[in-house]
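First the proteins, then the strands, lettered A, B, ... as listed; each starts at 1.
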Amino acid sequence: MWEKVQNFASEFFVTGDPLIYGADVSIAVTLIAVITVLTYFKKWKWLWSEWLTTVDHKKIGIMYIISAFLMLFRGGVDALLMRTQLAVPEMSFLTPDHYNQIFTTHGVIMILFMAMPFMFGLFNVIVPLQLGARDVAFPFLNSLSFWLFFSGAMLFNISFVIGGSPDAGWLAYPPYSELMYNPGVGQDFYIWGIQISGIGSLMTGINFIVTILKMRAPGMKLMKMPMFSWSVLSSCIAIIFSFPILTATLALLFLDRYAGAHFFTLDGGGNPMMYINLIWMWGHPEVYIIVLPAFGIFSEIVATFSKKKLFGYKSMVYAMMIISILSFLVWAHHFFTMGSGADVNAFFALTTMLIAIPTGVKVFNWLFTMFRGKITFESPMLWTIGFIPCFIVGGLTGVLLSVAPADFQFHNSYFLVAHFHQVIIGGVVFGYFAGLYYWWPKLFGFKLNERIGKWAFWFWNIGFYLCFMPQYVLGLMGMTRRVVSYGWDKGWYEMNLVSTIGAVLMGIAFLFQVWQIAHGVKHRNANLDTTGDPWNGRTLEWSIPSPAPHYNFAVLPQVTDQDDWWERKLRKQEGHATPAPAKLEPIHMPKNSGIPIIMSACWFVAGFGFVFHWTPFIIAGLAGVAISMLVHSFNYKTDYYIPVDEIVRTEAKKGRVTG
Amino acid sequence: MAHTKASGPAHQADLHSEQHDHHDLEEMRTLGFWIYLMTDVIIFGTFFATFIVLQGSTADGPLPADLFDINGIIVSTFILLTSSFTCGLALLAMNKGRLKALIGWLAVTALLGATFIGLEINEFVHLIHEGANIGTSAYWSAFFTLVGTHGLHVLIGLVWMIGLMIQLAKRGITPVTKRKVNIVSLFWHFLDVVWIFVFTIVYLMGVS
C-alpha cells in the first residue's frame, strides 16, 4: 500500500529538481501565510462578500490587474532563468527538458495570463466610466469571465509542481504536442488551462461590445466616444472572431490526445500543418487584440498631457478598425517556409506590409497631437514617449520579416525573437503601464510616487534595449531560437551576455514598480486625489470622485461634445451658467453572486480530471457547471435599487453636493 | 460644485434612468446572444473547414459512402426541421399570451429534439459497430467531431428548454421569460441551419 502511494506521488508531483522543490516550499509558505493572515484578522467574510462574489466592474478590474502582476512576476522569472542559461556558452544551469518547459510557459503566461488579464483589467475599470455608464452590459457574466480566467491560469500554473509543465512551445505545434511524442500531462494542462480561460475571454469580448454599443451616456454618438473605448471595441471585435477558432483548435488537439483522433497526427491521414494554420488564424489577431487597447491608452494620454484635442480623431478610428480587419488576413506570414508557393506567400506578405500604413497614421497622429502642445512629463506621458521609438523600430523590423524571401533567412532566428519582444514589450507592456499609471488615482484614490516611477521607467527602457538589440544581431549571425546552449566557437558570447544583463535590468525595473506600489499604499494619505481629476483630464471618468462610488455616476451625464469633460470645464471657466441639477433617482444595480467562482472551480475540477484521465473528476466537475447554470437561471432576484438618501450620503462623503 | 449634474432638461434625465429598465435590459441580452451565436458559427465553421480538408483522408479505413444510411438521415433531418416549426408555433402562442399552448409546443419541440438525438446515437453505434470510430482515420475524426458537436448542442438546447418550461409554469409569461423563450428559439433555429449544412456537406456529398 505504502509503495503504491509512493509510486503515485512520484508521478503526480514533479521531483528531482532543486528549483521545483524551492517552488513547492514557496507555494506552501505563501498559502499558509495568506490563510493565517486572513484568519487572524477575521477577513474571510469580507474577502468573500466584498471581492470574490463581487459583480462591480471596478473591483473585477482590480482583481484582473493583480493577477496580471503576479503572472508578470512568474513569466519574468522564467525569462531570467532562460537568459541565465544563455549568458555564457556551454552553460549547464538548466537541463534541455527544463529549458523547453520554461520557454513554453514564459510565452503562454506572458501573452495569455499576463497581457490578456492586464488588458481586461483596464477594460473593466475604465470603459464604463468613460462611457458614462453605471456598469457593463452583463455584470454576472463579467464576474464569470474573471473567474474562468483565474481557474484556467491556476490550472496552467500548477503543472509546474504537479505532473509536469508543457514543453512544446507557446502554440503547441503538433506533431511534437501529440501524445506519441509528448506523453506526459503537461500538454493537457496547456489545453485545459487555455481552454477554460479562453471561454472567459470570449465572453468578455461579447460583454464589452454590447456595453459600448448600448450603454453610452445619452448624447455620446459613436464618433464622440473616447479613443480608448474605440480601441476596446476594435479589440473585442477581433476577440469574438478569433477566440472561437482557438476554442475549436484546442478541442481538436484534445481529441487527438484524449480520444485517439487523427486530426494532426502523421498517421491516420492527419495534417499537422492544418493545426499551424488554425492556431495562427487565432494567434495573429491575438497580438493585435492586445496591442490595440494600448494604442487607445496612448491616444488618451497624449491628448491629456499635451492639453490638446487628439489630432486626426477620425483617421485614428478608421486606422483601428482597418488594423482589426487586416489582422485576420496575415496569418500565413508566420510560416512562409511552409511551402505553400509564391502566390500565397506574396498575398500574405502584402497584407502584412499593408498594416504598416494605418499604424503609421496613428504614430503621426500622436506626434501631431504633441506638436505645439503644452506637454508635461508625468509617468504616463513618459511611457508613451518611450513607446514611440521602440514601436517604430519593432514595426520596421516586422516589415523586414514580412518580405517572404528574406523571411527564409530570418525564420525562427533571434531576429524574430527580438522583433516580437520589441513590439509586444514596447507596445503592449509599456502601453498597459502607461494606462495603469494614468488611471491609478482613479482606481485607488491616491497618486503614486513619481521619482520611483521614473527609476522604473529608465531601468525598463535601458534594460529593454540592452536585452533585445543584441538579439537582432544574434539572429543575423545565425542563432536560432529555442537553443538551450551554444559553443564558444560561434562568436555569440558577447551579444548574449549583454542581452542577459539587459534582462536583469528589466527585472530590477519590476522591483522598482513593486516598491513604488508599496510606497504608494504606505503614504497614500499624503498623496490623496481629492479632485477626482488629477491630470486635468478630458474624458468622463475624470468627472467623478476618485475612487469612483460603486454606482459610478449619481446622475447619468448628458454628453454634447467629444472630450466632453474638458469642454464642460472650459464652459465653466468662461463663466457660462451651469445647468440646474437633475433630480436624483434610485439606482438599479446587480446583486453580488457566488455562482461565478463556484462554477469556475467546477471547471477547474473538470479540467484537472481531463488532464489526469480521472473520470469521476470530469463527471463531478461538469455536473457542477451544469447545476450552477441551472441555479443561476432559476434565480430571478438578481438586482436591487440604491435608495436616494444613500446616494446623497455617499456623494457627500466624497465631497460632492448633488441635488 | 455641480460635478455630477446632467445638463439636459429634467424630462430627458428621466429617459436616461430608464436605461436600466427591464425593456432595455432584455433587448441588450438578446443582442448579446446574437453575438454569441456568431461566435458559435465560427466554431462550427472551423469544424466544417477541418472536415472539408480531411475529406479524402480515410487512410485505408472504411469509406463514408459504404456506411452512411441516407434514408435514416433524411428521417432525422425531417424530425429536426419539424421541431423548428413547432418551436415557431410555441413563439406564436407566446405572443398571443397563451401560456398552456406555449408550454405544450415547447414540449413537442423537446420531444422531437430528443428523438433526433436518439437516432443520432443509434447511428453512431451502428458506425462504430461497422468499424468506423473517432480513431479510425482523420476523416472519421472530423466526422464524429462535427456531427457530435451539433448533437451536443441539441442536447444542451433540450435541457435548457425543460428548465424553461418549469420556469414558465411557475412564473407565466413575463418580459424575462419572454426573452428567455425568444433566445432558446433563436438557438434552436440556429441548430437547424447548422444541420442543413451538415446534411449537405457531410451526408449528401459523402454518398455522392
Mind ranking [options] by heavy-atom pairs under 4.5 Å with chain A and telling me who comes out on top?
| options | value |
| --- | --- |
| B:T58, B:V41, B:T149, B:I35 | B:I35 |
| B:A59, B:A138, B:S57 | B:A138 |
| B:R171, B:K180, B:K170 | B:R171 |
| B:I42, B:L31, B:N133, B:T46 | B:I42 |

Just so I know, are the side chains of [X] and [Y] near enough to count as touching, which here means a heavy-atom distance under 4.5 Å?
| X | Y | result |
| --- | --- | --- |
| B:T39 | A:F243 | no |
| A:L202 | B:Y36 | no |
| A:S633 | B:Q167 | yes |

Interchain contact, [X] with chain B, by part (heavy-atom threshold 4.5 Å):
| X | value |
| --- | --- |
| A:T247 | side chain |
| A:L141 | neither |
| A:I240 | both |
| A:I209 | side chain |
| A:I245 | both |
| A:F264 | neither |

Got a sec: does the [atom1] of [X] have more than 12 other heavy atoms crowding it under 6.0 Å?
| X | atom1 | answer |
| --- | --- | --- |
| A:M629 | CE | no |
| B:H129 | NE2 | no |
| B:F197 | CZ | no |
| B:M38 | CE | yes |
| B:D66 | CG | yes |

How long is the span from the OG1 atom in B:T145 to the CG atom in A:L252, to the nearest 0.5 Å?
6.0 Å
From A:T211 atom OG1 to B:M28 atom CE, the distance as rounded to the nearest 0.5 Å:
7.0 Å
Go through it in stages, so that I can follow the logic: the residues are B:T177 and A:Y636, the test is side-chain contact (heavy atoms from CB on, under 4.5 Å), and I'd like the CA-CA distance, side-chain angles, deciding distance and then a yes or no.
CA-CA 10 Å; B:T177 53; A:Y636 277 65; 3.3 Å; yes
Under the 3.5 angstrom rule, does the side chain of A:H262 hit a backbone N or O of B:G135 as a donor-acceptor pair?
yes
If you count heavy-atom pairs under 4.5 Å between each of A:P244, A:A248, A:G205 and chain B, which one has the most?
A:P244
Between A:G219, A:G260, A:A251, A:S242, the one whose heavy-atom pairs under 4.5 Å with chain B are most numerous
A:G260
Output, in order, the C-alpha distance, side-chain angles, deciding distance and verdict of side-chain contact (heavy atoms from CB on, under 4.5 Å) for A:M274 and B:L54.
CA-CA 10 Å; A:M274 188 169 63; B:L54 297 175; 3.8 Å; yes
Grab the two heavy atoms, one from A:V210 and one from B:G32, that are nearest each other, plus how far apart they are.
CG2-CA, 3.7 Å
Could you check whether B:R29 makes a cation-pi contact with A:F138, meaning its NZ or CZ is under 6.0 Å from the centre of the six-membered ring and within 45° of the ring axis?
no
Please state whether the side chain, the backbone, both or neither of B:F47 comes within less than 4.5 Å of a heavy atom of chain A.
side chain
